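The next block holds one structure in the form of structure tokens; read it before the comments.
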Amino acid sequence: MSDAILSTAISTEDQFTSGAYTKRPLTLVRGQGCTVWDDEGRPYLDLTSGQGVALLGHAHPAITAAISAQASTLITCAEAFYNDRRAELYTLLNTLLQADAQDVTSGWRFFLCNSGAEANEAALKAARLLTGRCGIVAAKRGFHGRTLGALGATFNPDYRGPFAGWTPDVAHIAYNDIDAARAAITDQTAAVLIEAVQGEGGVHLADADWLRALRRICTERGALLIVDEVQAGLGRCGRWFAYHHAGITPDIVTLGKGIAGGVPMGAAAWRADLGTIPPATHGSTFGGNPLACAAAIAAITALRQIDAPARADRVGARARGWLAARDLPGVRDIRGVGLMIGIELRTRVTPVLQALQVRGVLALPAGKTVLRLLPPLVIDPSELDHALIQIEAVLHDLA
Ligand SMILES: Cc1ncc(COP(=O)(O)O)c(C=O)c1O
């Protein structure tokens, strides 16, 4: 890209963008490992992973090689035909899901799509088709995406409110409240859709007892338990899937973000003994395309090679221990599991994010007062230490 184009990226984007995004005045042009560079060559330690996508960091050699090889072999192959890469990915995902699902003897079925929201759309439609019921139960503070179906399950009224009347009716219950779950889940409930760790909602962990109770109540009442692992899954929370912490197996699992190493992909997986959905009840032109499948095979294989869940568990616990041992001004709470870390502040998070950016560290908000760290799972402990020291310094500066 020429210098002239780079220098006008901000004004050009501002001229043409939809307006849907609140943007930071920073133009990123390159990434390598856990570092991204702006258009003036300045490096930033990336604790956003592109909203949790870059589990393996940026420009991981196995992913770039897989994309490049598949791009010169076959990029597109609609689901009207079979494809070698798609078949290979199904097998790999089945192995991953099956590893801790002793009670699922049938294996899993998959609908492949292009984002986390689409994965939840597919899961909700599958639940409707597989149960013949209409009711949906989700959790307060939950985030499941912004397409109309997924938006109905997303709690934040700022996101959902403008589309009232267009989204499905969803009963939102308090997170971790077993009595509320017992009252809301009925024999009309098709699905209960929750996150085992709420990311966007502020980094809140589900109680294992609540997840086990949801599992029991869903089974008793014939509702399907959908766990949205779009952000928490694939190793981020110290297990392949965050629900493993409670020892449960959902009926449906949704995946997205880092599943294909940064290439857009989402997946809804359901227990194969639930059956298939009728032809033409769902579909996607790009779903299961060989390029994304090849990238996903490379990403999941690389995550397995480094035992990403164990690494996230170890590095994340060390970071949270470091934070907890400090007397950090303005901090109300430190939460998290694995490499999803939330630092709840007494004040708004935006100034902290801005000051961190000046110090060469990019981090995320989760709501108005939570600083959220979603580093690549390959982050070196010394890189994370450096970022934590910058966070400590910023909190002191702003105190
Ligand atoms: C838990 C969860 N579900 C769904 C989504 C939506 O994913 P996407 O933005 O890829 O549609 C997100 C995105 O942040 C998420 O965190």
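The model shown is predicted, which means the values in this text are computed figures rather than measured ones. Scope of the values below: all heavy atoms of this structure, side chains included, with no hydrogens, waters or symmetry mates.
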Listed pairs under 3.5 Å, donor-acceptor, residues 136-153 side chains, sequence neighbours left out:
| from | atom 1 | to | atom 2 | distance (Å) |
| --- | --- | --- | --- | --- |
| Arg141 | NE | Gln198 | OE1 | 2.9 |
| Arg141 | NH2 | Gln198 | OE1 | 3.1 |
| His144 | ND1 | Asp228 | OD2 | 2.8 |
| Thr147 | OG1 | Glu121 | OE2 | 2.5 |

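- The minimum heavy-atom distance linking Ala196 with Glu229 is given by the pair CB-OE2, 4.0 Å.
- With 3.5 Å as the limit, one finds no donor-acceptor pair spanning the side chains of Gln188 and Arg133.
- Under a 4.5 Å side-chain heavy-atom cut-off, the cluster of Ile, Leu, Val, Met, Phe, Trp and Tyr residues that includes Phe286 has no other member.
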For Val358 and Val394: C-alpha separation, side-chain torsions, deciding distance, then whether side chain to side chain contact (heavy atoms under 4.5 Å, CB included) applies. CA-CA 10 Å; Val358 170; Val394 162; over 6 Å; no
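- Judged as a salt bridge (charged side-chain N to carboxylate O under 4.0 Å, His left out), and not counting sequence neighbours, Glu220 has no contacts.
- The other residues sharing a hydrophobic cluster with Val197 are Val203, Leu205, Val337, Met340, Leu364, Leu374, where clustering joins ILVMFWY side chains under 4.5 Å apart.
- Pairs passing the side chain to side chain donor-acceptor pair (under 3.5 Å) check and including a residue from residues 278-292, sequence neighbours excluded, read Asn114-Ser284, Lys125-His282.
- Looking only at distances, no side-chain donor or acceptor of Asp273 sits under 3.5 Å from a matching main-chain atom of Ser106.
- Within the structure, side chain to side chain donor-acceptor pair (under 3.5 Å) pairs that include any residue of residues 307-319 comprise Arg318-Asp385 (at least two apart or interchain).
- When the side chains of ILVMFWY residues are joined at heavy-atom separations under 4.5 Å, either directly or via intervening members, Trp37 and Tyr44 end up in two distinct hydrophobic clusters.
- Listed here is the closest heavy atom pair of Ala308 and Leu377: CB-CD1, 3.9 Å.
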Side chain to side chain contact (heavy atoms under 4.5 Å, CB included) between Glu200 and Tyr159: does it pass, once the steps are laid out? CA-CA 12 Å; Glu200 175 91 12; Tyr159 303 158; 3.0 Å; yes
Intermediate values then yes/no, side chain to side chain contact (heavy atoms under 4.5 Å, CB included), Leu55 and Val378: CA-CA 7 Å; Leu55 299 176; Val378 294; over 6 Å; no
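- Within the structure, every pair that satisfies the side chain to side chain donor-acceptor pair (under 3.5 Å) test and touches residues 336-348, not counting sequence neighbours, is listed here: Arg335-Glu344.
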Decide yes or no on salt bridge (Lys or Arg N to Asp or Glu O under 4.0 Å) for Arg215 and Asp251, but give the supporting numbers first. CA-CA 9 Å; Arg215 176 63 285 177; Asp251 300 299; 2.9 Å; yes
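- Tracing side-chain contacts under 4.5 Å through hydrophobic residues (I, L, V, M, F, W, Y), one never reaches Leu323 starting from Leu362; they form parts of separate clusters.
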Report, one line per pair, each donor and acceptor closer than 3.5 Å where one atom sits in a side chain of residues 258-265; sequence neighbours left out.
none

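- Although no hydrogens or angles enter the test, the distance criterion places a donor-acceptor pair under 3.5 Å between the side chain of Trp270 and the main chain of Gly275.
- At a threshold of 4.5 Å between side-chain heavy atoms, the hydrophobic network of Ile, Leu, Val, Met, Phe, Trp and Tyr places Leu371 and Trp322 in one connected group.
- Every pair passing ring-ring contact (aromatic ring centres under 6.0 Å, His included) that includes a residue from residues 194-232 is listed here, sequence neighbours excluded: Tyr175-Trp210.
- In the model, Tyr21 has no side-chain atom that pairs as donor or acceptor with a side-chain atom of Glu13 under 3.5 Å.
- Residue Phe81 is found outside any hydrophobic cluster, as its side-chain heavy atoms come under 4.5 Å of no other Ile, Leu, Val, Met, Phe, Trp or Tyr.
- For the pair Thr27 and Asp38, the minimum side-chain heavy-atom distance is 4.5 Å or more.
- Taken together through direct or relayed side-chain contacts under 4.5 Å among Ile, Leu, Val, Met, Phe, Trp and Tyr, Leu388 and Val352 form part of one hydrophobic cluster.
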Working for side chain to side chain contact (heavy atoms under 4.5 Å, CB included), residues Val227 and Glu195: CA-CA 6 Å; Val227 180; Glu195 297 154 273; over 6 Å; no
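- Annotation: ring-ring contact (aromatic ring centres under 6.0 Å, His included) contacts involving residues 334-360, sequence neighbours excluded, are absent.
- Between Thr154 and Val170, the closest side-chain pair of non-hydrogen atoms is not below 4.5 Å.
- Transitive grouping of hydrophobic side chains (ILVMFWY, heavy atoms separated by less than 4.5 Å) brings Trp240 and Phe110 into a common cluster.
- Aromatic ring orientation, His244 versus Phe241: perpendicular (interplanar angle above 60°, classes split at 30° and 60°).
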Table please: side-chain donor-acceptor pairs of residues 57-69 below 3.5 Å, with sequence neighbours left out.
| from | atom 1 | to | atom 2 | distance (Å) |
| --- | --- | --- | --- | --- |
| His58 | NE2 | Asp46 | OD2 | 2.7 |
| His60 | ND1 | Ala62 | N | 3.1 |
| Thr64 | OG1 | His60 | O | 3.3 |
| Thr64 | OG1 | Pro61 | O | 3.1 |

